[in-house]
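Here the structure is laid out as structure tokens; the discussion comes afterwards.
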Amino acid sequence: MAEKEKVSKALKDKLFNQRKNGYSRISKSDEKASMKFAEDYKRFLDKAKTEREAVIEAVELLKAKGFTEYKRGMKLKAGDRIYRVNRGKAVIISVIGKAPIEEGVRLCAAHIDSPRLDLKQNPLYEDNELALFKTHYYGGIKKYQWTAIPLALHGVIIKADGTKVTVAIGEDESDPVFYVSDLLPHLATEQMTRPATKLIRGEDLNLLIGSIPFREDETSEAVKLNILNILYEKYGITEADFISSELEAVPAFKARDIGFDRSLIGGYGHDDRCCSYPALRAAVDCKAPTHTVVTVLTDKEETGSDGNTGLCSSYLEYFIHDLAADLGADGRHVLSASECLSADVNAAFDPTFPEVNEKNNCAYVNRGVCITKYTGARGKSGTSDASAEFTGRIRRLMDSKDVIWQTGELGKVDMGGGGTVAAYIANLDVDTIDMGVPVLAMHAPYEVISKLDLYMAYKAFAVFIAD
Ligand code: MN
Ligand code: MN
């Protein structure tokens with residue numbers, strides 16, 4: 001290299017923000033750890049397809065790792081490991097720090113609900129001797145993607161006498177699955193002229209559940225009757241019990257490695273389990289933190305965070321207040337001194353659809369966990385927009401601990417957009433920034449992430465809560 005070029009190269013190295021593939025920087029030990037972490041994560045994905053199941057899996061892990069259920073008024077001391085479940089659909093995990101709680105808590109917030117098809121409250125009907133369930137989709141989906149794939153049914157039914165039945169059908173190889181049909185191309189001439197939003201309409205998302213009539217009786221709705229009879233024998237439920245049920249149709253696929261090099265993971269519900277699982281593991285692996293750690297795995301993010309299990313409700317705030325009271329502090333002051341990572345996914349640059357991203361400001365697969373200063377749409381509406389100071393603090397922290405990270409926003413300005421729970425936590429006077437894993441085909445029944453990015457999310461959350 002000529003002397004002149006050496007000078008400009010050295011100056012570039014110093015002055016340019018070099019955005020490199022994470023595999024050019026990751027240590028051998030981190031690379032090995034990322035492969036192992038991915039195996040644990042895939043197991044979690046397969047077992048926790050709904051928010052309720054994610055809570056069950058989390059609590060099982062927490063109990064095994066010495067966490068106990070928090071009761072208000074508990075005598076708490078540094079190193080105590082506690083959790084509180086909110087109505088079976090969200091969980092808050094805490095490890096009490098050595099520093100006074102007035103110095104603030106290290107919050108990590110991720111969501112455990114994912115887009116899916118919920119059953120309506122009167123779901124069952126028979127049409128031309130086929131039995132079907134009516135659904136109402138949950139979260140932002142491209143409806144046509146949910147047809148012609150195997151679907152499993154998960155959830156709970158509260159019977160007339162108040163007892164609860166838990167349902168999970170379609171995950172075991174021997175289970176039946178369910179199915180939303182699409183039109184054959186031969187007869188789709190009219191359908192294919194519709195805009196994609198109407199290709200499959202909300203009322204077309206009907207789940208095929210059976211076809212055999214009840215015995216040979218000459219009765220109407222014999223197929224529906226046969227299904228109800230099967231359900232009665234299996235679960236002891238009648239049709240009216242659906243009214244007090246929450247049944248969710250989710251893709252029946254298992255999480256799998258993608259690519260010859262096995263660098264990627266395909267799975268349902270990466271958004272936001274690829275952040276909630278690392279956040280859970282970081283909390284579990286955290287020993288004797290300086291500041292009190294509070295990790296919340298929340299519900300209802302995909303429908304806007306409203307409702308008493310979503311982060312627009314006060315359940316997180318109340319938990320902080322309860323904790324503060326038990327440690328002799330004022331919850332309001334704790335919140336004002338706290339910091340939060342809003343752990344949610346971002347869109348990964350897709351070479352097949354480059355036009356939706358601005359290439360200098362989007363997340364790329366394998367460049368590490370993505371720090372997003374602001375989200376929102378139409379001029380940053382609905383965002384918390386982290387301050388330059390807090391962004392700077394997080395950037396320094398990540399660099400000092402060899403976390404491979406990048407920055408990116410969700411798509412081009414005016415291309416669309418999206419929000420996270422960051423704004424709701426920032427509104428409690430908490431310094432908050434978004435950080436998460438880039439996802440390909442987000443909200444599709446089968447999404448894709450990279451193992452390197454997943455592990456760097458875990459590392460980032462672990463470093464943050466331990467700081
Ligand atoms: Mn999300
Ligand atoms: Mn989402």
Side-chain angles (χ1 to χ4, degrees), residues 41 44-45 48-51 54-55 58 89-91 107-118 137-143 145-146 248 250-251 265-280 295-307 309-312 316 340-348 350 356-357 362-363 365 369-377 382-384 386 408-411 415-426 432-450 453-454 457-458 460-461:
Y41 172 63
F44 179 79
L45 268 193
K49 290 201 171 179
T50 66
E51 58 284 351
V55 168
K89 301 190 213 180
V91 58
L107 257 165
C108 213
H111 67 92
I112 48 177
D113 61 319
S114 295
R116 60 187 190 240
L117 308 179
D118 284 347
Y137 62 96
Y138 175 99
I141 61 166
K142 289 167 131 179
K143 293 182 276 281
Q145 291 181 334
W146 293 70
E248 307 172 5
V250 297
I265 306 169
Y268 162 66
H270 282 318
D271 177 8
D272 186 30
R273 290 178 181 87
C274 67
C275 295
S276 48
Y277 182 70
L280 168 67
T295 297
V296 55
L297 308 183
T298 193
D299 181 30
K300 293 283 177 281
E301 195 279 339
E302 294 295 356
T303 52
S305 294
D306 285 316
T309 53
L311 275 184
C312 282
L316 175 63
C340 175
L341 292 185
S342 163
D344 206 346
V345 299
N346 205 319
D350 187 334
V356 299
N357 280 302
C362 63
V365 166
V369 65
C370 182
I371 297 177
T372 301
K373 190 172 174 296
Y374 50 84
T375 59
T383 183
S384 73
E409 55 179 271
L410 187 68
M415 190 55 77
T420 65
V421 300
Y424 314 123
I425 294 172
T432 307
I433 193 164
D434 276 294
M435 196 186 279
V437 176
V439 178
L440 285 168
M442 195 198 294
H443 284 204
Y446 212 57
E447 307 169 314
V448 179
I449 61 161
S450 113
D453 299 336
L454 173 73
Y458 165 72
F461 304 157

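Order of appearance sets the numbers: ligands from 1, and atoms from 1 within every ligand. One-based numbering along the sequence shown. Given the structure is predicted, the values throughout are model-derived calculations rather than measurements.
Ring geometry for H270 versus Y41: interplanar angle under 30°, hence parallel rather than tilted (30 to 60°).
Within D344, the N, O or S atom at minimum distance from the Mn ion (ligand 1) carries the name OD1. Between the Mn ion (ligand 1) and the N, O or S atoms of D271, the shortest distance is to OD1.
For a distance bound of 2.8 Å, the N, O or S atoms of E301 include none lying that close to the Mn ion (ligand 1). At least one N, O or S atom of H111 sits under 2.8 Å from the Mn ion (ligand 1).
The shortest distance between side-chain heavy atoms of I141 and L117 falls below 4.5 Å. Using a 4.5 Å heavy-atom threshold, the side chains of I433 and L341 count as touching.
Here the Mn ion (ligand 2) is the vertex; the NE2 atom in H443 and the OE1 atom in E302 give an angle of 80° (to 10°).
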- Task: Given salt bridge (Lys or Arg N to Asp or Glu O under 4.0 Å), test R116 with E51 step by step and report yes or no.
- Result: CA-CA 11 Å; R116 60 187 190 240; E51 58 284 351; 3.0 Å; yes

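One N or O on the side chain of T372 and one on the backbone of G408 form a donor-acceptor pair closer than 3.5 Å.
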